[in-house]
2 protein chains.
Amino acid sequence: MLISLTLFLMLEEKLNNFVNRCKEIGLKITPQRIAVYEVLLKSENHPTVEEIYEKVKEKYPYVSLATVYRTLETLEKIGLAKKVCFWGNSARYDANVSEHHHLICEICGKIEDIELDQNLNIPENLKGFKTEGYSVNIYGICPECLNRNS
Amino acid sequence: MLISLTLFLMLEEKLNNFVNRCKEIGLKITPQRIAVYEVLLKSENHPTVEEIYEKVKEKYPYVSLATVYRTLETLEKIGLAKKVCFWGNSARYDANVSEHHHLICEICGKIEDIELDQNLNIPENLKGFKTEGYSVNIYGICPECLNRNS
DNA sequence: TTCCGTGCAAAAATTTTGCATCATC
DNA sequence: GATGATGCAAAATTTTTGCACGGAA
């Protein structure tokens, strides 16, 4: 109960932040944009474009898949979403843009965000690259797949 | 000179190993398979399927893209290649299947293998996942893109 | 009113599949 | 000779794009 209230406030805050960012940059605030971002914020896993589209359609049946693609691209451009490394053949998105890591099931492809208590010390210059950050993908088998296969 | 000789020997060894694996499992050894694997082994970067296809075509002009797709899938299945996390929209492959890490250019998408002198200590059990390994993606800007944009 | 964003449909790009033929074993 | 792999073409999937219209500023 308390948790869901907290989550709700976070959601509101993030949506407000989004609206402000849009105003700043001169992007128009449309219901579709809000809806796409809201669906992404509410997603526990890292949804594919198609999955986001389906969710948005529940609220706006006439929304177009192209709009979802374009909105996700916009969100990525303004730094509110990230395309994540994917397992299958379609792009997945994540609204968690803080530096974090992923736990990936090698069987079903499920991806969970994860915090690590250890840090890597990455030099600013590696093989001539100017480095900017890193993310760790941990591979394994998720609880559901472990059960199913035993 | 010495280096290229060493590389050549490694290549021969890996190709031999591949042939043996095929015999073991009952896969037929075809020129196309060898060619695809050889191209992948020789690639410095992590080529897309299309890029591999183009290279293989230089030697076997009648090769089909479908064969390249199927061969890469086979290579992955027998553990001699890996689909890597990708940046753009098409799959990339890597013949380096040992545990290693990636340095990724955020502008052009180039991916380089990299060794790290630090290790993360990953618990065997994380959020119910049975973990099996990890890889680190370091993001940054490659020397060429740094030059181009300055 | 001015534009940007949207929906729609078509196109492009990527990947998979069915099937007859061919090559390896 | 049997079987599995290949090439080709078609289909399926995923993503992008052009353009006219509508809605936000």
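- Closest-nucleotide positions on DNA chain C for B/Pro31 and A/Leu65 were compared, and the one nearer the 5' end corresponds to A/Leu65.
- Evaluation of atom-type donor-acceptor distances gives a pair under 3.5 Å for the side chain of B/Arg70 against the base of D/dG7.
- Across all strands, A/Ile29 comes closer than 4.0 Å only to sugar-phosphate atoms, never to a base (heavy-atom distances).
- Taking every side-chain heavy atom of B/Leu27 into account, D/dA5 is the closest of D/dA5, D/dT16, C/dG7.
- In terms of heavy-atom proximity, A/Ala95 sits nearest to A/Leu40 at CB-CG, 3.7 Å.
- To the nearest angstrom, P of D/dA5 lies 11 Å from CD1 of B/Ile78.
- In this structure, the CD atom of B/Glu73 is 12 Å from the P atom of D/dA5, given to the nearest Å.
- In this structure, A/Leu72 places its CG atom 15 Å from P of C/dG5, rounding to the nearest Å.
- Annotation: the span from B/Leu75 atom CG to B/Phe18 atom CZ amounts to 5.0 Å, rounded to 0.5 Å.
- For A/Tyr69 and C/dA11, the OH to P distance is 19 Å, given to the nearest whole Å.
- In this structure, A/His46 contributes its side chain and A/Ile111 its backbone to a donor-acceptor pair below 3.5 Å.
- Residue whose closest nucleotide on DNA chain D sits further toward the 5' end, between B/Lys28 and B/Gln32: B/Lys28.
- The aromatic ring centres of A/Tyr134 and A/His101 sit less than 6.0 Å apart.
- Each of B/Glu50 and A/Tyr60 lies near DNA chain C, and the nucleotide nearest A/Tyr60 is the one positioned closer to the 5' end.
- Taking 4.0 angstrom as the limit, B/Thr67 places a side-chain polar atom (N or O) nearer than this to OP1 or OP2 of D/dG7.
- Rounded to whole Å, atom P of C/dC25 lies 12 Å from atom CG of B/Asn20.
- The side chain of A/Thr30 contributes no N or O atom lying less than 4.0 Å from OP1 or OP2 of D/dG23.
- The backbone N or O of B/Pro123 lies less than 3.5 Å from a partner atom in the side chain of B/Thr131, making a donor-acceptor pair.
- Regarding contacts with the backbone of D/dG7, every side-chain N or O of B/Tyr62 stays at 4.0 angstrom or more from both OP1 and OP2.
- Comparing atom distances between the B/Arg33 side chain and each of C/dG5, D/dT14, D/dA5 picks out D/dA5 as nearest.
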